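To start, the structure under review is shown below, and the notes come after it.
All heavy atoms count here, side chains included; hydrogens, waters and symmetry mates do not. Numbering starts at 1 and runs along the sequence shown. When a ligand or atom number is given, it counts from 1 through the structure's own listing order. Worth saying up front: this structure is predicted, and the values here are computed from it rather than measured.
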Amino acid sequence: MDKEKSIIIGCDHAAFELKEKLKAYLFNKGFKVEDAGTFNEESVSYVDYGKKVAKAVSDNTYEKGILLCGSGLGMSMVANRFPKVRAALCSDLFSAKMSRLHNDANILVLGGRIIGDILAFELVQIFLDTPFEGGRHLDRITSIDN
Ligand code: RB5
């Protein structure tokens with residue numbers, strides 16, 4: 001599997017529609033997308049889907065993931081409990097950029113009830129394109145887990 005061109009995505013019912021749009025966006029950009037669910041708008045717990053994606057990033061099956069729920073808050077809380085996961089809830093472009101440059105975020109979290117489709121696409125693109133700056137930031141992120 002080409003890890004750089006593979007990504008795992010998960011959502012709850014509140015962001016199912018946006019997840020489907022993001023999947024199409026990512027496919028068009030040449031990504032292989034692993035869909036961890038949910039697969040329709042029936043009410044589910046964000047915790048189950050957050051755990052699936054966070055585990056896959058935590059154990060390095062995937063380098064990066066995307067999680068979506070209504071506000072993004074629940075998914076962030078779940079994902080950031082997993083070792084080596086640095087999940088960033090973003091609704092503006094500057095935060096998305098900084099989450100990669102300084103924090104080496106490996107999961108982007110979006111609130112499907114907060115942001116529109118175009119902003120979501122732009123946030124994802126920044127998340128994918130922006131490298132980690134390393135240097136002094138490497139010591140900082142490493143010490144999160146130690
Ligand atoms: C679902 O109603 C909602 O609680 C969930 O999508 C998320 O926003 C939780 O943090």
Side-chain angles (χ1 to χ4, degrees), residues 1 3-133 137 140-146:
M1 173 170 69
K3 277 198 180 177
E4 284 208 356
K5 275 285 188 181
S6 301
I7 194 157
I8 184 164
I9 192 166
C11 69
D12 73 356
H13 56 285
F16 169 73
E17 206 181 312
L18 182 56
K19 183 201 69 174
E20 293 301 301
K21 289 176 183 169
L22 283 178
K23 265 169 58 184
Y25 179 85
L26 289 161
F27 279 133
N28 287 335
K29 298 279 174 188
F31 277 81
K32 182 182 172 296
V33 183
E34 173 69 17
D35 188 349
T38 188
F39 299 105
N40 55 50
E41 289 184 326
E42 207 173 299
S43 184
V44 290
S45 169
Y46 60 84
V47 179
D48 299 332
Y49 301 91
K51 281 182 176 175
K52 282 189 196 175
V53 170
K55 186 178 177 304
V57 172
S58 183
D59 69 18
N60 205 30
T61 304
Y62 287 87
E63 273 178 16
K64 284 184 179 168
I66 298 173
L67 280 170
L68 309 103
C69 63
S71 63
L73 292 167
M75 287 296 196
S76 303
M77 291 174 192
V78 171
N80 278 314
R81 298 189 73 139
F82 282 72
K84 296 186 191 149
V85 166
R86 292 175 300 279
L89 172 57
C90 297
S91 54
D92 68 274
L93 304 181
F94 178 75
S95 297
K97 192 166 180 185
M98 295 314 293
S99 80
R100 291 290 311 134
L101 285 175
H102 284 192
N103 310 111
D104 197 19
N106 47 18
I107 295 185
L108 174 67
V109 187
L110 301 174
R113 289 174 175 160
I114 295 178
I115 59 169
D117 300 349
I118 303 297
L119 178 54
F121 298 152
E122 288 190 21
L123 291 165
V124 166
Q125 200 57 55
I126 289 170
F127 175 65
L128 296 173
D129 288 347
T130 310
F132 176 45
E133 231 173 58
H137 302 293
R140 293 172 187 170
I141 64 160
T142 304
S143 67
I144 295 174
D145 283 301
N146 297 320

Looking only at protein heavy atoms, which one is nearest to [atom], and how far off is it?
atom	value
atom 5 (C) of ligand 1	Asp12 OD2, 3.2 Å
atom 8 (O) of ligand 1	Ser71 N, 2.9 Å
atom 10 (O) of ligand 1	Gly74 N, 2.9 Å

So that I can tick it off, tell me whether [Y] and [X] are bridged by a salt bridge, with the cut-off set at under 4.0 angstrom between side-chain N and carboxylate O.
X	Y	result
Asp48	Lys52	no
Lys21	Asp117	yes
Asp35	Lys19	yes

Exercise. Decide side-chain contact (heavy atoms from CB on, under 4.5 Å) for Tyr49 and Leu68; before the verdict, give the C-alpha distance in whole Å, the side-chain angles of both, and the deciding distance to 0.1 Å.
Key: CA-CA 9 Å; Tyr49 301 91; Leu68 309 103; over 6 Å; no
What atoms of ligand 1 come closer than 4.0 angstrom to any heavy atom of [X]?
X	result
Gly70	5 (C), 6 (O), 7 (C), 8 (O)
Cys69	6 (O), 7 (C), 8 (O), 9 (C), 10 (O)
Tyr46	9 (C)
His13	1 (C), 2 (O)

Quiz item: Should we say atom NZ of Lys23 is surrounded by more than 12 heavy atoms from elsewhere, each under 6.0 Å from it?
Solution: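 Check passes, neighbour count above 12.
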Self-check item: Region of Ala14 engaging ligand 1 - heavy atom pairs below 4.0 Å
Solution: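 The answer is the side chain.
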Practice problem: Please check if any side-chain donor atom of Asp92 sits under 3.5 Å from a side-chain acceptor atom of Ser95, or the reverse. | Solution: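 The answer is yes; a qualifying pair exists.
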Practice problem: Would you check whether Arg113 reaches within less than 4.0 Å of ligand 1, judged by its heavy atoms? | Solution: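 So Arg113 counts as touching ligand 1.
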Quiz item: So is Met77 close enough to ligand 1, meaning a heavy atom under 4.0 angstrom away?
Solution: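 Not so, Met77 does not reach ligand 1.
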Quiz item: Is the NZ or CZ atom of Lys64 positioned over Phe127's six-membered ring, under 6.0 angstrom from the centre and within 45° of the axis?
Solution: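 Yes.
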